Participant: 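The following block contains the structure, expressed as structure tokens.
As the structure is a prediction and not an experimental result, all values here were calculated from the model. Position 1 is the first residue of the sequence, and the numbers go up from there.
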Amino acid sequence: MKIKATGPLTVAEYMKEVLTNPIKGYYMHHDMLGEHGDFITSPEISQVFGELIGVWCISEWMSGGKSKSLKLVELGPGKGSLMDDILRVFSQFQHLLNSCDISVHLVEVSPKLSEIQATKLTGSIIETKYDDDSSAYKNGVTKCGLPISWYHDVQDVPEGYTFFIAHEFFDALPIHKLQKTSDGWREMLIDIDPEIPHKLRFVLGSSNSILATLIQADEQRDHVELSPNAAVIIQKLASQINTFGGAALIADYGHSGDKTDTFRGFRAHRLHNVLVDPGTADLTADVDFSFLKSMIGNTVASLGPITQQDFLKNMGIDLRMKVLLENNKDVKTQHHLIESYDVLMNPCKMGQRFKFFSMFPHSRMESIRGSSIVAGFSELQFS
């Protein structure tokens, strides 16, 4: 354990070590998604979810002026299910998109998941490049004929008109936990319990004046979770959208600056103590959307967060489900469709807890002031 050699770790250092250590990191060698993994995501529950994200992309591409080129970038693509569903929708609307030069770019740190993504999206195994000057470590062609590349960092993705998709990405970024005391904000650390050598514990460290500058002046909570990594990434996305155009759609479980301690672990679809058996469970924390909004400032316009229930309803999930149920008479298939719809939309399941947040150039927002229609964030009218 690194703590024995270096002393107490910040929560961010602990998360980074546990999740992305090249040798023992949880993300590096596990297939953690799906029924037999540790957690399941919306794209794995129903293809309708990814299809509606694909419709969102096409709607925004059209509303944004039908750019002649489009980089479709997904951060943390999981098994590739979401991108696979998006690209299937793109293929169905090829008559609209045939004048656009589209390329796919995936930001993925896990060698295991990048292998699964490559097989799903290209239908073949793509070798990792170790001695190439290119910033991409894999290159290929999707099953629908689009160029696709993999990167370790979003900073390495080529710039241009881009749609960024981040589904359950920001929640896995390392966080710092700060506690308000009579001496100001002090950082929570993770240390070895001196009385039980193999047990970890939280301890209160010294003040962190640098991190404290990220806390809003009017902060009312006495405990906050901050992610400098998230700040860097969201500012990168906002800056690129402002310069080159495009949009970002972020979907994650989160809040608007009202929650405190959300740091937790998941193993085999159950909550797991974050300090027990590190490296065997996923570590995550709710996304603070108010923090993300404060980090982008006025660089771009933003909408949300709104609930997943509202976003999918606005995107027409009810109409899509009606069509699917009418076209599938198999009772088992109908039952699965209804069950998956309930998981996505039920307020007690994913419907309320997951939020959608989007960023656009200011020019995009100015162009719709008269109608106030933005896909997913306003109710669309279907005829």
Side-chain angles (χ1 to χ4, degrees), residues 56-57 59-67 69-75 107 153-155 157-167 169-171 173 175-176 178 185 209-221 224-259 285-307 310-311 314 355-378:
W56 181 89
C57 289
S59 173
E60 284 310 304
W61 173 76
M62 295 176 67
S63 298
K66 299 182 180 179
S67 173
S69 67
L70 169 62
K71 290 178 171 60
L72 190 57
V73 178
E74 186 177 1
L75 311 181
V107 179
D153 194 308
V154 69
Q155 306 288 346
V157 179
E159 295 179 326
Y161 186 93
T162 302
F163 281 176
F164 295 98
I165 307 295
H167 179 260
F169 170 77
F170 281 89
D171 67 273
L173 296 177
I175 60 162
H176 293 265
L178 280 82
W185 290 97
S209 57
I210 296 177
L211 280 176
T213 62
L214 297 177
I215 300 175
Q216 299 300 301
D218 59 351
E219 180 60 66
Q220 299 298 309
R221 294 170 292 174
V224 296
E225 296 169 334
L226 300 173
S227 176
N229 293 65
V232 170
I233 292 172
I234 202 71
Q235 288 173 342
K236 159 67 177 178
L237 270 54
S239 175
Q240 183 163 328
I241 291 169
N242 178 56
T243 303
F244 298 98
L249 185 64
I250 298 167
D252 229 313
Y253 44 82
H255 59 91
S256 295
D258 54 328
K259 290 188 178 181
D286 282 13
V287 176
D288 185 343
F289 286 102
S290 68
F291 175 70
L292 296 186
K293 292 175 82 168
S294 71
M295 290 298 102
I296 64 175
N298 196 44
T299 305
V300 290
S302 65
L303 290 173
I306 65 171
T307 66
D310 286 341
F311 180 86
N314 290 341
K355 308 293 194 301
F356 277 73
F357 174 76
S358 193
M359 299 189 298
F360 309 85
H362 287 289
S363 58
R364 165 72 180 102
M365 300 305 293
E366 291 166 1
S367 70
I368 53 120
R369 261 180 197 156
S371 61
S372 70
I373 295 296
V374 176
F377 294 86
S378 301

Participant: Compare every heavy atom of H176 with every heavy atom of P228, then report the nearest pair and how far apart it is.
Facilitator: CD-CD2, 3.5 Å

Participant: I'd like to check V287 versus K355 (side-chain heavy atoms, cut-off strictly below 4.5 Å). Are they in contact?
Facilitator: no

Participant: Using a 4.5 Å cut-off on heavy atoms from C-beta on, say whether the side chain of F289 contacts that of H255.
Facilitator: no

Participant: Any non-hydrogen side-chain atom of F244 less than 4.5 Å from a side-chain atom of K71?
Facilitator: no

Participant: Between V374 and S358, is there a side-chain heavy-atom distance shorter than 4.5 Å?
Facilitator: no

Participant: Is F377 close to I306 at the side-chain level, that is, under 4.5 Å between some pair of heavy atoms?
Facilitator: yes

Participant: Do you know which two heavy atoms are closest between S302 and I296, and how far apart they sit?
Facilitator: CB-CD1, 4.1 Å

Participant: Salt bridge or not for E60 and R364, using N-O below 4.0 Å?
Facilitator: yes

Participant: Using 4.0 Å as the upper bound for N to carboxylate O, is an ion pair formed by D153 and K236?
Facilitator: no

Participant: For S239, enumerate each residue passing the side-chain contact (heavy atoms from CB on, under 4.5 Å) test, keeping only those at least two apart in sequence or located in another chain.
Facilitator: T243

Participant: Does a donor on one side chain and an acceptor on the other come within less than 3.5 Å for S227 and N229?
Facilitator: no

Participant: Who pairs with Q220 by side-chain contact (heavy atoms from CB on, under 4.5 Å), at least two apart in sequence or on another chain?
Facilitator: none

Participant: Do F356 and D310 come within less than 4.5 Å of each other through their side chains, counting heavy atoms only?
Facilitator: no

Participant: Flag the pair D286 / E225 as yes when at least one side-chain heavy-atom distance between them is below 4.5 Å, and no otherwise.
Facilitator: no

